[in-house]
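For the numbers below, each heavy atom of this structure counts, side chains included, while hydrogens, waters and symmetry mates do not. Lettering follows sequence order; numbering is per chain, from 1.
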Amino acid sequence: MVDIKFVKENLEIVKENIKKRNVKADAEKVIELYNKKNSLQLQLDGIRNKKNENAQKMKGKLPEDERNKLIEEGKDIKNQIASLEEEQKKLEEEYLSEYIKLPNLTHPTTPIGDTDKDSTELKKVGNPRQFNFKPKDHTVLANDLDIVDFEAGASVAGQKFYYLKNEGCLLELALVQFAMRLLVEKGFTPYMTPDMAKSSILEGIGFAPRGNETNIYSIENSDLCLIATAEITIGGMFLNKVLEEKNLPLKMAGFSHCFRTEAGAAGQATRGLYRVHQFSKVEMFVICKPEDSDKILEDLRSIEEEIYTKLGIPYRVLDIASGDLGNPAYKKYDLEAWMPGRGEYGEITSTSNCTDFQSRRLNIKFKDSEGKNKFVHMLNGTAIAVPRVIISILENFQREDGSVEIPEVLVPYIGSKEITRKGK
RNA sequence: GGAGAGAUGUCCGAGUGGUUGAUGGAGGCGGUCUUGAAAACCGUUGAGGGUCACACCUCCGGGGGUUCGAAUCCCUCUCUCUCCGCCA
């Protein structure tokens with residue numbers, strides 16, 4: 001969430017930002033409710049003060065009638081408090097529901113616009129390969145090479161589930177290992193996290209665990225949900241924590257499985273591995289001081305670029321437009337890999353600077369040199385979202401005979417240089 | 001899963017229902033003393049809301065209740081520890 005004091009003092013900026021972001025939110029209403037809430041609080045505080053004074057008076061010995069009089073007064077005060085508290089609770093809820101709709105502020109360099117088409121292409125790296133044969137789609141390649149089994153996935157778990165098999169399986173392990181080692185070298189602490197988390201953690205990070213628009217699976221008869229990204233479990237570790245300035249920035253690489261219901265995504269052009277209910281991902285997560293977050297976003301982007309350059313996958317970098325940022329992000333870059341099977345670029349990573357938007361909600365602070373507690377800035381970025389990388393590798397590295405070359409950096413982890421047709 | 005014990009400020013650790021936001025110690029910070037340091041002594045040392053600043057309010061694991069008044073009594077949840085069982 002955004003600093004409410006900032007909203008109060010910069011109403012015009014905030015209103016303009018809402019417009020830029022194309023979000024439904026009402027800054028004026030938020031302020032109105034905030035003021036209302038505060039004056040009620042003041043009233044309540046005054047009465048509570050009376051309550052405390054009343055209790056104070058009764059500490060020593062008192063004549064019976066005086067004591068009874070004070071008790072009667074106390075009862076009256078108690079009733080007043082109860083009714084005001086009820087009012088406060090309602091107001092608080094109303095305020096909060098409006099308040100959380102406010103999007104984060106937007107970085108001055110972020111392109112303005114409502115759709116993904118307004119995002120700026122910063123650069124293209126690597127040339128889409130020219131095939132002297134008709135390149136195949138990854139589903140065809142995977143099937144022919146016997147490395148992904150969609151049919152088994154569908155029959156055992158349903159549509160949009162799959163088995164990775166043979167080199168498909170090894171490829172996942174290789175990609176994870178490759179990414180983790182690269183990140184460890186860059187000072188990230190590697191983590192394998194739980195694949196489930198409590199609803200309250202999901203909410204804190206900014207996911208809606210229940211409700212009909214949710215993209216989250218929840219576990220019956222329990223408060224647990226399957227996580228949609230390790231961002232949830234990594235960020236959740238720091239809930240209500242005050243960190244030491246000298247330990248910042250904290251850089252973490254989290255491996256987890258990710259589960260998404262993809263409700264409402266049916267019918268989209270999402271064949272094969274592109275949009276699935278479960279996948280593995282290595283996620284980068286950084287907690288830092290406010291003044292460092294701009295630079296760290298660039299660092300995360302450049303790590304992502306390094307990964308895809310080393311893999312030899314052509315990609316482009318997008319500076320995501322204001323209307324397409326999502327509420328928490330202040331600035332966001334996507335990497336899109338060239339996918340010959342689709343004949344277009346497809347999203348493969350996303351890295352965001354969420355500034356203090358999440359940390360306010362999660363109550364994550366650090367103690368600065370003056371001993372003051374301040375909200376940290378939080379950033380996240382994809383290192384490897386396994387299935388989409390597998391798509392990119394299969395489609396970009398395919399040969400005319402249907403075999404696929406393995407990117408050199410992965411060869412040590414897989415133990416062979418190519419994936420060839422099994423004699424089945 | 002069964003039985004028991006516990007959760008208080010940076011940490012350790014007190015706390016009869018009414019000057020307890022909380023005794024005491026440790027640690028941190030500031031000071032006196034000292035050439036310097038140690039020791040000793042003195043002072044200071046949680047967070048949030050609110051305010052121009054005060055005032056004031058809230059917070060003793062979370063939630064609910066009893067009471068004029070709750071860290072203290074009751075209910076409930078969570079977590080931690082010990083013992084037993086089970087298990088990769």
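Across all strands shown, B:A22 has no partner, as no Watson-Crick or G-U wobble contact with both distances under 3.5 Å is found. Nucleotide B:C87 forms a pair with no other nucleotide shown, judged by Watson-Crick or G-U wobble geometry with both contacts under 3.5 Å. Using Watson-Crick or G-U wobble geometry with both donor-acceptor distances under 3.5 Å, B:C81 finds its partner in B:G4.
Comparing B:A26 with B:U44, their P atoms sit 16 Å apart, to the nearest whole Å. Between B:G30 and B:G49, the two C1' atoms lie 29 Å apart (nearest whole Å). Between B:G62 and B:A70, the distance separating the two P atoms is 16 Å to the nearest Å. B:C52 and B:G43 have their C1' atoms separated by 30 Å, with the value rounded to a whole Å. When the C1' atom is used for both B:G46 and B:C60, the distance is 12 Å, rounded to whole Å. Taking atom P in both B:U58 and B:A22, the straight-line distance is 13 Å, to the nearest Å. B:C86 and B:U78 have their C1' atoms separated by 24 Å, given to the nearest Å. To the nearest whole angstrom, the two C1' atoms, one in B:C59 and one in B:G50, are 15 Å apart.
Put simply, CG on A:Asp45 is 13 Å from P on B:G49, counting in whole angstrom units. Here B:G49 presents its P atom at 11 Å from CG of A:Asn38, a figure rounded to the nearest Å. Rounded to an integer number of Å, the gap from CG of A:Asn240 to C1' of B:G61 is 12 Å. Regarding A:Asn49, its CG atom lies at a distance of 18 Å from the P atom of B:G50, rounded to whole Å. Atom CZ in A:Phe366 sits roughly 18 Å away from atom P in B:U10 (whole-Å rounding). Distance A:Met58 CE to B:U67 C1': 10 Å, rounded to the nearest Å. If you measure from atom CD1 of A:Ile47 to atom P of B:C57, you get 13 Å, rounded to the nearest angstrom. Rounded to an integer number of Å, the gap from CD of A:Gln88 to P of B:U58 is 12 Å.
Contacts of A:Lys36 classified as side chain to side chain donor-acceptor pair (under 3.5 Å), with partners at least two apart in sequence or in another chain: none. Looking at residues two or more places apart in sequence or on another chain, you find no side chain to side chain donor-acceptor pair (under 3.5 Å) involving A:Ser119. Considering only residues two or more places apart in sequence or on other chains, A:Asn79 meets the side chain to side chain donor-acceptor pair (under 3.5 Å) condition with none of them.
Residue A:Asn373 has its side chain nearest to B:A47 when only B:G50, B:A47, B:C68 are considered. Closest to the A:Asn52 side chain, of the nucleotides B:U58, B:C68, B:G49, is B:U58.
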Ignoring hydrogens and angles, write down the donor-acceptor pairs under 3.5 Å from the side chains of residues 83-96 of chain A, residues two or more places apart or on other chains.
{"from": "A:Ser83", "atom 1": "OG", "to": "A:Gln80", "atom 2": "O", "distance (Å)": "3.3"}
{"from": "A:Glu85", "atom 1": "OE2", "to": "A:Arg48", "atom 2": "NH2", "distance (Å)": "2.8"}
{"from": "A:Gln88", "atom 1": "NE2", "to": "A:Gln41", "atom 2": "OE1", "distance (Å)": "2.6"}

Pairs under 3.5 angstrom only: tabulate donor-acceptor contacts from the side chains of residues 171-189 of chain A to other protein residues two or more places apart or in another chain.
{"from": "A:Glu172", "atom 1": "OE1", "to": "A:Ser280", "atom 2": "OG", "distance (Å)": "3.4"}
{"from": "A:Glu172", "atom 1": "OE2", "to": "A:Ser280", "atom 2": "OG", "distance (Å)": "2.5"}
{"from": "A:Lys186", "atom 1": "NZ", "to": "A:Glu306", "atom 2": "OE1", "distance (Å)": "3.0"}

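In this structure, A:Lys37 reaches neither bases nor backbone, as no heavy-atom distance under 4.0 Å exists between it and the strands shown.
Note on A:Lys57: every side-chain N or O is 4.0 Å or more away from OP1 and OP2 of B:C68. At the phosphate of B:G49, neither OP1 nor OP2 sits under 4.0 Å from any side-chain N or O atom of A:Tyr34.
Taking the charged nitrogens against the carboxylate oxygens, A:Glu12 and A:Lys15 do have a contact shorter than 4.0 Å, which makes a salt bridge. A salt bridge is absent between A:Glu72 and A:Lys69: the closest approach of a Lys/Arg side-chain nitrogen to an acidic carboxylate oxygen does not fall below 4.0 angstrom. Ion pairing of A:Lys246 with A:Glu244 is present here, as a side-chain N (NZ or NE/NH1/NH2) and a carboxylate O approach within less than 4.0 Å.
Here A:Ile287 contributes atom CD1 and A:Ile296 contributes atom CD1; the two are 10.5 Å apart, rounded to the nearest 0.5 Å.
Nearer to the 5' terminus of RNA chain B, by closest-nucleotide assignment, is the contact made by A:Lys89 (compared with the other of A:Glu73 and A:Lys89). Judged by closest nucleotide on RNA chain B, A:Lys367 is the one of A:Lys367 and A:Arg48 placed further toward the 5' end.
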Can you tabulate the close N/O pairs, meaning under 3.5 Å, that link protein atoms to atoms of nucleotides 69-80 of chain B?
none

